[in-house]
Structures are given as C-alpha cells and as structure tokens.
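Here's the structure, in structure tokens; my notes come after.
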Amino acid sequence: MTETAQRICPLCEATCGLVLTIEAGRVTHARGDADDVFSAGFICPKGASLPGLDNDPDRLSRPLIRRDGELVEVTWAEAFDAVAAGLGDVLAAYGGASVGVYLGNPNAHTVAGALYAPVIAKALGTKQVFSASTLDQMPKHVALGYLFGSPVAFTVPDIDRTDHLVIIGANPMVSNGSLATAADFPGKLRALRKRGGRLTVIDPARTRTAALADRHIAPRPGTDAALLFAVVHVLFDEGLTDLGAIADLVDGVDEVRSLAAGFAPETVAEHCGVSATEIRELAREIAAAPSAAVYGRIGTSTVEFGTLGSWLVDVVNILTGNLDRPGGAMFPLGATAPAPKKPGPGRGFVTGRWRSRVSGHPEVLSELPATALAEEIDTPGDGQLKALITVAGNPVLSAPDGARLDRALAGIGFMVSIDPYLNETTRHADVILPPPPPSASPHFDFALNNLAVRNNVRYTPPVLPAADDRPDEAEILSRIALIVFGVGPHGDPGLVDDQVIAATLAKATADPNSPVHGRPVAELTAALTGSRGYERRLDMMLRLGPYGDGFGADPDGLTLTRLLQAPHGIDLGPLKPRLAQVISTPSGKVELAPAPLVADSARLRDSIGRTAEAYVLIGRRHLRSNNSWMHNVATLTGGTNTCTLQVHPDDAAELGLTDAAKVRGPGGELIAPVELTADMRRGVVSLPHGWGHDREGTRLGVAAAAPGVNVNQLNDGAALDPLSGTAVLNGIPVDIAPAG
Ligand SMILES: Nc1nc2c(c(=O)[nH]1)N[C@H]1C(S)=C(S)[C@@H](COP(=O)(O)OP(=O)(O)OC[C@H]3O[C@@H](n4cnc5c(=O)[nH]c(N)nc54)[C@H](O)[C@@H]3O)O[C@H]1N2
Ligand SMILES: Nc1nc2c(c(=O)[nH]1)N[C@H]1C(S)=C(S)[C@@H](COP(=O)(O)OP(=O)(O)OC[C@H]3O[C@@H](n4cnc5c(=O)[nH]c(N)nc54)[C@H](O)[C@@H]3O)O[C@H]1N2
Ligand code: SF4
Ligand SMILES: [Mo]
C-alpha cells in the first residue's frame with residue numbers, strides 16, 4: 001500500500017515541508033509540500049534525495065562497541081551498559097569536568113539536539129564544550145551580544161519586502177540560506193529583481209548568487225570588515241546617516257564616526273582590492289534605497305575579523321535606518337522563543353568567564369574553540385580531557401588539522417558518538433549509538449524558527465515507527481544524561497523531561513510577568529499534552545511562548561494540540577518591528593560601539609598596510625553536498641559535485657598548472673585536481689570542505705570510492721577570530737605548484 005506523510009526537511013536551514021511517499025514501510029519518494037505555509041512546495045536536490053539518505057545501507061541500525069580493537073554490533077542494552085561503564089570510570093576518577101562534548105551541525109536540525117544535548121553538557125558541569133559554532137556563526141552571536149545584549153537576538157534580512165539586498169560572503173543560491181531561514185531563497189531573489197529591487201553581492205568568487213546580482217563586488221578574501229568600515233566612513237562623510245525611528249534607542253554613534261575616520265575608501269581600496277569609487281557607490285546605493293538590508297554569512301564570519309565584520313553588517317543597517325523596519329534587517333519571533341521581555345535594561349553580554357586550559361582561549365557562549373579540542377585531549381596535565389561525547393559532528397574533517405585530532409581521539413580514555421555513520425570521527429569511538437533515520441524522527445525547528453524571514457510554526461511527528469527495540473535520539477541522549485546523573489542507563493528516560501518541565505514551570509510560575517504567574521506547577525504539568533516526553537516539552541514551550549495560550553490565559557493561543565491540527569504549519573505573519581523587546585544591554589540602548597569591538601578595530605586598522613599574500617584559499621559549497629556527511633548518497637555525488645581546486649585560468653597559466661596541483665598551507669599539503677574558471681578572483685583559489693573519505697576503518701562505501709581531499713588539513717587552526725574563537729577558514733595563505 002502506498003501512503004504519504006508530511007516531514008519537514010532536516011537537511012539545511014531552509015526547513016522545507018516535504019511529502020514523503022511510504023511503500024512497504026520505507027520512504028520511496030520525496031516531493032515539496034505545496035500546502036506548506038512556509039515553503040509552498042519548494043524542494044532542492046538534497047531534499048529530493050531524502051529517501052536515499054534514509055535508506056542508505058551504510059547507515060548504522062544497531063549500536064557498535066569496541067571489543068579487542070574492533071567495532072562490533074551489540075544490543076542496545078549492552079551498548080548503554082558500555083557507556084555507563086566507560087563514562088562511569090572517567091567520572092569516578094576525574095569528574096564531569098574531564099569529559100568534553102562536541103556538538104555538530106545537525107543538532108540545529110533535530111529535536112534531540114535542541115532539547116537533550118544541552119541537558120548532557122549541563123549535567124556534566126563541564127567547561128569543555130565545543131561545537132561547529134566556532135567553525136561557523138559564533139562571530140554573529142558575539143556581535144549581536146555586544147550590540148543588543150543578547151547573542152541570540154538575530155537580525156535577518158526581510159527579503160520579501162526589501163528594495164535592496166546586499167549579500168556579503170554568502171551563496172544562498174547554493175546553500176539555500178543560513179541564519180536567514182527562507183525556503184526557496186532562489187525564488188525570493190528572483191522575486192526581488194522582478195519587483196524592481198536591487199541585489200548586490202560581495203564575494204571573491206562569481207557564485208551563482210553573484211551571477212544574479214545587479215552589482216558584484218569581488219574583494220580580496222578576509223577584507224570585508226575593512227570594506228564595511230569604509231562604507232560606514234562614506235555614510236558619515238557624505239551625510240548619509242539617518243537612523244530613523246530607532247535613533248533614540250542607539251548609543252555610540254559618534255564613537256563609530258570617529259573609528260570610521262581611519263577607514264576612508266581611498267585608504268582601504270588597495271587592501272580590499274575594490275576601488276574607492278565602487279565603495280562610495282555602494283554606500284550611496286544602500287543609503288538611497290527606500291529600504292535595504294545588508295546580510296552577511298560564512299564569508300564574513302570564518303575570517304580573521306569575523307566579529308568585526310558581523311558587527312559592521314548591522315552597523316550599516318542601523319546607520320541607514322534599516323534596522324527593525326520592514327524591508328530592512330528585522331528580528332524574527334519564533335513560537336518557542338521566550339515570551340518577549342518588557343522594554344528596559346538587561347544583563348548584557350560577556351565572554352571569557354573561563355579560559356581554555358592549554359591556550360587560554362576565552363569562553364564564548366559557554367563554549368571553547370573547536371580548534372582547541374585536539375590540544376585539550378593530547379596535552380597532559382590537570383584538567384586534561386579523559387573522555388569525549390560527540391553528537392552529530394565530524395570534526396576530523398570539518399575542523400582545521402584533522403590529523404592532530406585524529407591522533408588525539410585515538411588516545412583518549414573513552415569516547416561515545418551519537419551518529420548514524422561510522423565515519424572519520426566516530427571510528428575512534430568506543431561506543432557508537434546511531435539514531436533512527438529522519439523518517440523515524442520528529443521534526444521541530446527550535447533554533448531555525450527564530451531565524452525565519454517570516455514567522456511560522458510547524459511540527460512533523462515521526463513518519464515511520466522506529467524498528468523493533470530501537471530508541472529514538474531523544475531517548476539515546478536522555479539515557480546518557482541519566483548515566484551522568486547517576487541514575488544509570490536503564491532508568492526511565494522520561495525523568496529527564498520531568499525534571500526540565502518541573503524546573504521550567506517553577507521559574508515561569510514565579511515570574512510576575514508570566515501569564516502563569518502564581519499558578520500551581522502540578523496543575524500546569526497535568527495540563528500538558530503529547531505522546532512523548534519531547535512533545536510534552538514542546539507543548540509547554542509553545543504555551544509559554546509569545547503566541548501561546550498561557551495555559552488558558554489566552555484561549556485562542558497556540559498549543560501542541562492546535563499545531564497538530566495544522567499539518568502544513570501555521571503562518572504567524574511577516575516580521576514586525578520589535579527592537580525595544582529585544583534590547584537587553586545594561587544601558588537599555590543598542591550599543592553601537594562596544595569596547596571589545598572598538599579595541600579590535602585598531603587591530604583591523606593595523607592590518608591594512610600588510611603585504612598581500614600571492615595566493616589565498618577560500619571554500620565553496622555545492623547544491624548536492626552538505627558539509628562532510630552526504631557524500632555517501634550516490635544520487636548526490638558525481639557530476640560537478642567533486643573536490644576540485646578552482647583556479648582562475650590566468651593564475652593557472654602563471655603557475656603552470658594543468659591537471660593537478662600541489663597545494664601547501666600552514667597545516668600541511670595535498671594534491672587536488674585543477675578546475676579552471678574565470679569565476680574566481682585572481683589570486684584566490686577554492687576547495688570545498690568535508691572531503692577526504694579515504695581513512696581506514698570507516699563504513700562509507702560510496703564516499704570512499706571518490707574520497708576527495710581534506711581541505712582543512714591545509715589549515716593548522718592557529719588563526720582565530722579572537723573575539724569569538726572562530727577558526728579562520730577563508731583567506732588561508734597557500735603555495736601552489738603543479739603536481740608531479
Ligand atoms: N574549510 C571549511 N571547513 C568548514 C566549513 C567551511 O566553510 N570551510 N564550514 C563549517 C561549518 S559552517 C560547519 S556547520 C561545520 C560542520 O561541522 P560538523 O558538524 O562537525 O560536521 P558535519 O560534516 O556537519 O557532520 C555532521 C555529523 O552528524 C551526523 N548526523 C547526521 N544526521 C544526524 C542526526 O540526525 N543525528 C545525529 N546524532 N547525527 C547526525 C553525520 O553522520 C556527521 O557525522 O563544518 C565547518 N567546516
Ligand atoms: N548545498 C549545501 N547547502 C548548505 C551547506 C552545504 O554544505 N551544502 N552547508 C550548510 C551550512 S552548515 C552553512 S553554515 C550554510 C552556509 O551558507 P553560506 O554562507 O551561504 O554558504 P557558502 O557557500 O559557504 O558561502 C560563503 C561565500 O563566501 C565567499 N567568501 C569566502 N571568503 C570570503 C571573504 O573573505 N569575503 C566575502 N565577502 N566572501 C567570501 C565564498 O566564495 C562563498 O561564496 O550553508 C548550509 N547549506
Ligand atoms: S532547501 Fe534545504 S530544507 Fe529545502 S529541501 Fe533542500 S535541503 Fe531540504
Ligand atoms: Mo554551518
């Protein structure tokens with residue numbers, strides 16, 4: 001019998017609604033859900049390949065534990081016992097502080113990652129938490145933290161209404177958008193052009209997004225912060241600033257004016273590789289547009305001045321009156337976000353509450369840099385990591401200098417990985433606990449709904465039951481939490497949910513601003529619906545959230561029951577101005593010139609005279625790829641999705657490159673096939689990340705057949721954006737020569 005079922009796609013930030021065809025207990029087809037309130041039928045090649053990913057024969061269906069050096073299949077009970085024993089020994093001898101946690105990107109796309117992974121880190125009480133954030137968006141968090149007082153006060157471009165979208169260091173035609181959740185980003189860019197709007201793209205490569213633009217500016221990699229400072233300079237210089245409705249809420253404008261004085265377009269032009277005229281025109285165009293939104297992503301983030309660049313993106317939005325207005329950069333409001341606070345001062349944002357043991361990196365959002373993980377394992381001494389829990393991460397390929405991490409993981413006391421694949425990272429685990437495939441997992445976008453360009457809420461329960469005794473990922477993570485709590489691996493996993501619910505409701509009922517203030521916790525707990533622990537928690541969050549029923553306070557408000565009655569989701573309308581609710585700085589104002597950023601601006605200013613490297617390396621993404629873990633689906637690989645070094649033909653001629661190049665960087669060298677393309681800026685070459693699937697002991701049959709090379713081995717990981725601890729992944733100096 002053929003059935004269909006709705007499933008929100010977990011494969012990227014666009015969160016498209018899919019309709020899956022189910023035949024004989026398997027997903028056999030995926031198409032876009034035309035009735036989805038957010039994605040209206042859009043689907044990309046990755047979403048269309050969800051069946052292949054779901055049914056991948058290399059996907060682990062049973063847990064593995066290491067016996068005599070070999071990873072062998074065992075029962076779930078045996079696997080959890082092995083975690084209890086391995087983790088228990090380390091906890092008893094060294095305590096929770098000696099256990100590290102690495103959280104990878106898919107945690108942003110799973111219910112378990114959102115609701116249970118944080119419980120484990122908290123239960124351990126460890127200060128050694130690492131994640132893909134410091135290979136990605138941490139600079140944006142830090143910039144938001146300093147500007148608005150909250151590191152999660154995300155500004156997103158209002159792309160459906162803007163008159164001028166300025167994209168800097170992002171390629172949403174391929175990535176489908178990031179930190180700006182928008183299904184059908186390509187369609188939205190075309191709609192912008194069609195309604196007479198303007199698109200500017202700033203990227204050293206002429207990407208598919210740049211090819212759509214009215215203006216493509218191709219700067220030297222790593223120079224965005226200087227370029228944006230020059231835009232700010234022009235705004236002041238030519239009297240183009242106008243903060244509009246939010247002027248009274250912004251402090252520090254004069255300080256920014258004096259900082260920008262040192263960044264005249266004429267001063268930075270050569271450094272950025274962009275003419276002063278073009279910088280001035282850009283500033284004038286942003287200021288003149290009825291509305292404009294500057295939007296920055298990976299190319300402004302994983303660079304030497306990542307936090308400054310992320311900050312300046314919003315400085316430009318603010319100075320041109322585009323913050324918090326339709327068509328500008330706005331603040332989404334997700335359904336499980338905390339209900340908006342009353343306007344007024346907050347506690348603000350700080351980093352560096354502790355430092356990493358070996359290199360002294362400051363903590364940022366309770367995390368240490370991913371690049372510091374290896375040294376925390378392989379450097380002996382007090383506080384050395386003795387055990388590691390990885391959840392949905394593959395840092396051996398995704399982070400710089402995987403070779404060192406590879407060696408470090410081989411020597412760690414105990415490692416458990418929650419991951420569906422036996423890959424470059426998990427091959428070092430003592431226990432691998434594989435979650436069920438997407439078809440047997442629920443989906444709710446706890447994180448990404450707070451980044452959506454239109455407010456919406458959607459939930460899809462598991463489409464298929466999990467096979468036999470197989471726990472879902474929520475249960476797997478709950479059992480690890482139970483082990484850490486000392487309850488043991490076979491306790492009731494619902495205890496974890498009960499504890500979180502009790503703590504959350506206790507806080508809400510004690511809060512005079514909450515709709516449930518003063519009500520008995522037991523009564524609210526009894527009112528929760530949902531067939532699983534995570535559903536009860538979702539119901540609680542929805543009901544306490546900004547659209548919630550407040551447990552009866554607003555009978556028309558949102559509950560899980562109402563959400564389940566809307567399988568294609570509920571549209572919550574366009575973004576609305578709400579800056580006053582967002583600000584939580586101690587001054588109660590937007591801090592346009594926070595001290596750490598002012599200080600780092602001097603470092604930026606000093607970089608301007610520096611001699612430019614002959615060749616620098618940047619990254620790129622492919623529509624049919626996803627970081628390191630989708631190269632095992634045959635329908636997604638091959639064709640143009642291969643690991644080649646893209647080089648400008650004139651550079652190739654100068655270097656004498658024909659078919660293959662030897663590339664040497666600070667962390668190592670590799671040989672890659674050369675692909676000539678005039679789309680690259682001269683002096684810039686690109687390699688995609690997530691390749692290098694030729695290590696022994698993995699179970700990735702398709703990927704291993706066309707392994708590619710690991711670009712991150714060129715990078716020693718020494719270069720970080722100091723304010724956020726984020727690895728510099730773009731703008732790496734390299735030497736290039738013909739291979740062989
Ligand atoms: N040079 C260079 N390096 C980069 C980047 C770059 O642009 N250039 N980009 C960086 C960025 S933005 C990111 S986000 C990081 C990503 O870094 P990571 O998150 O460390 O790596 P991924 O390749 O996303 O690996 C995801 C892992 O999750 C597993 N997985 C998939 N689905 C699930 C699930 O449902 N549950 C569980 N438990 N596991 C699952 C996969 O098998 C895989 O092992 O890479 C970074 N590395
Ligand atoms: N198909 C596909 N989609 C994905 C992913 C994937 O691997 N494949 N990964 C997902 C993840 S984890 C993320 S974080 C997002 C990322 O989403 P995006 O940020 O949109 O993706 P990228 O393709 O990395 O775009 C970064 C762009 O920055 C440019 N760039 C490099 N250095 C510089 C610089 O110094 N300055 C400027 N201005 N530009 C620079 C690069 O040429 C590139 O075009 O994509 C997500 N979506
Ligand atoms: S754009 Fe992203 S969410 Fe949409 S179908 Fe493709 S991978 Fe899935
Ligand atoms: Mo990412």
Non-neighbouring partners of His233 that pass ring pair (Phe, Tyr, Trp, His ring centres under 6.0 Å), sequence neighbours left out: none
In terms of side-chain heavy atoms, does Glu591 have a donor or acceptor partner in Ser587 at a distance below 3.5 Å? yes
Which residue pairs satisfy the salt bridge (charged side-chain N to carboxylate O under 4.0 Å, His left out) criterion with at least one member in residues 298-324, sequence neighbours excluded? Lys140-Asp314, Glu304-Arg603, Glu304-Arg610
Does Thr460 have any side-chain hydrogen bond (donor to acceptor under 3.5 Å, both in side chains) partners at least two apart in sequence or in another chain, and if so, which? none
Taking side-chain hydrogen bond (donor to acceptor under 3.5 Å, both in side chains) as the test, write out the residues that go with Thr126, two or more places apart. none
What I'd like to find out is whether the side chain of Leu144 reaches to under 4.5 Å of the side chain of Val152, using heavy atoms alone. no
State, without any angle test, whether His517 and Asp511 hold a side-chain donor-acceptor pair at a distance under 3.5 Å. no
Option passing side chain to side chain donor-acceptor pair (under 3.5 Å) with Arg454 (candidates Thr181, Asp571, Asp160): Asp571
Measure the shortest side-chain to side-chain distance between Tyr459 and Leu542 over non-hydrogen atoms and say whether it is less than 4.5 angstrom. no
What donor-acceptor contacts under 3.5 angstrom involve side-chain atoms of residues 325-344, with partners at least two apart or in another chain?
residue	atom	partner	partner atom	Å
Arg325	NE	Gly321	O	3.2
Arg325	NE	Asn322	OD1	3.1
Arg325	NH2	Pro290	O	2.9
Arg325	NH2	Asn322	OD1	2.8
Lys341	NZ	Gly344	O	2.8
Lys341	NZ	Ile583	O	2.9
Lys342	NZ	Asn513	OD1	3.1

Side chain proximity check, Ile159 to Tyr295, heavy atoms < 4.5 angstrom: no
Could you tell me which non-hydrogen atom of Ala289 sits nearest to which non-hydrogen atom of His164, and how far apart they are? CB-CB, 3.8 Å
Would you please test Leu323 and Leu579 for side-chain contact (heavy atoms from CB on, under 4.5 Å) and show each step? CA-CA 8 Å; Leu323 185 80; Leu579 176 63; 4.1 Å; yes
Report yes if the distance between the aromatic ring centroids of His141 and Phe349 is under 6.0 Å, otherwise no. no
For Leu448 against Thr15, the heavy-atom pair lying closest together: CD1-CG2, 3.8 Å
Salt-bridge criterion met for Arg284 and Glu238 (N-O under 4.0 Å): yes
Indicate whether the side chain of Ser301 and that of Gln137 have a donor and an acceptor atom separated by less than 3.5 Å. no
Side-chain contact, heavy-atom cut-off 4.5 Å: Val232 with Val316? yes
Donor-acceptor pair between His361 and Arg355 side chains, under 3.5 angstrom: no
Between Asn171 and Thr209, do the side chains contain an N or O donor and an N or O acceptor separated by less than 3.5 Å? yes
Charged N to carboxylate O under 4.0 angstrom, Arg562 versus Asp539? no
Once you round to the nearest 0.5 Å, how far does CG of Leu11 lie from SG of Cys16? 9.5 Å
Check: Asp554 side chain, Asp556 main-chain N or O, donor-acceptor pair, under 3.5 Å: yes
Measure the spacing between OG1 of Thr529 and CG of Leu560 and express it to the nearest 0.5 Å. 4.5 Å
State, without any angle test, whether Thr525 and Arg536 hold a side-chain donor-acceptor pair at a distance under 3.5 Å. no
Look at the side chain of Trp354 and the backbone N and O of Ser366, then say whether any donor-acceptor pair between them is shorter than 3.5 Å. no
For Asn317 and Val313, indicate whether the former's side chain and the latter's backbone hold a donor-acceptor pair under 3.5 Å. yes
Run the numbers on Arg198 and Glu285 for salt bridge (charged side-chain N to carboxylate O under 4.0 Å, His left out), then give the verdict. CA-CA 9 Å; Arg198 194 172 169 79; Glu285 283 166 7; 3.3 Å; yes
Residue pairs fulfilling salt bridge (charged side-chain N to carboxylate O under 4.0 Å, His left out) with at least one residue in residues 243-259, sequence neighbours excluded: Asp251-Lys589, Asp254-Arg257
Just wondering, do Ile168 and Leu228 contact through their side chains at under 4.5 Å, heavy atoms? yes
Listed partners of Phe263 passing ring pair (Phe, Tyr, Trp, His ring centres under 6.0 Å), at least two apart: Phe229
Show your reasoning for whether side-chain contact (heavy atoms from CB on, under 4.5 Å) applies to Val37 and Ile570. CA-CA 6 Å; Val37 296; Ile570 299 173; 5.8 Å; no
Hey, are the side chains of Pro596 and Tyr146 touching, using non-hydrogen atoms and a 4.5 Å cut-off? yes
Kindly determine whether Leu558 and Asp549 satisfy side-chain contact (heavy atoms from CB on, under 4.5 Å), including the steps that lead there. CA-CA 5 Å; Leu558 202 55; Asp549 84 333; over 6 Å; no
Less than 4.5 Å apart, any side-chain heavy atom of Ser601 and any of Leu308? yes
Test side-chain hydrogen bond (donor to acceptor under 3.5 Å, both in side chains) on Arg458 and His568 and set out the steps. CA-CA 7 Å; Arg458 292 166 296 150; His568 306 285; over 6 Å; no
Heavy-atom count check: over 12 atoms from other residues, nucleotides or ligands less than 6.0 Å from Arg353 CZ? yes
With Thr162 via side-chain hydrogen bond (donor to acceptor under 3.5 Å, both in side chains) - residues at least two apart: none
Pairs meeting criterion salt bridge (charged side-chain N to carboxylate O under 4.0 Å, His left out) with involvement of residues 161-183, two or more places apart: Asp158-Arg161
Give every donor-acceptor pair under 3.5 Å between a side-chain atom in residues 116-123 and any protein atom, sequence neighbours left out.
residue	atom	partner	partner atom	Å
Tyr116	OH	Asp497	OD1	2.6
Tyr116	OH	Asp497	OD2	3.4
Tyr116	OH	Tyr534	N	3.4

Residues His109 and Asn107: side-chain donor-acceptor under 3.5 angstrom: no
Judged by atom type as modelled, is there a donor-acceptor pair below 3.5 Å linking the side chain of Glu13 to the main-chain atoms of Asn176? no
Leu259 vs Val598, side-chain contact (heavy atoms from CB on, under 4.5 Å): CA-CA, chis, key distance, verdict: CA-CA 8 Å; Leu259 283 176; Val598 172; 3.9 Å; yes
Residue pair Arg621 / Val174: nearest heavy atoms and the distance that separates them: O-CG1, 3.4 Å
Non-hydrogen side-chain atoms of Leu147 and Thr585 separated by less than 4.5 Å: no
Any salt bridge (charged side-chain N to carboxylate O under 4.0 Å, His left out) pairs touching residues 516-532, not counting sequence neighbours? Asp472-Arg532, Arg519-Glu523
Can you name the ring pair (Phe, Tyr, Trp, His ring centres under 6.0 Å) partners of Phe444, sequence neighbours left out? Phe446
Going by distance alone, is a donor N or O of one side chain under 3.5 Å from an acceptor N or O of the other, for Ser724 and Asp721? yes
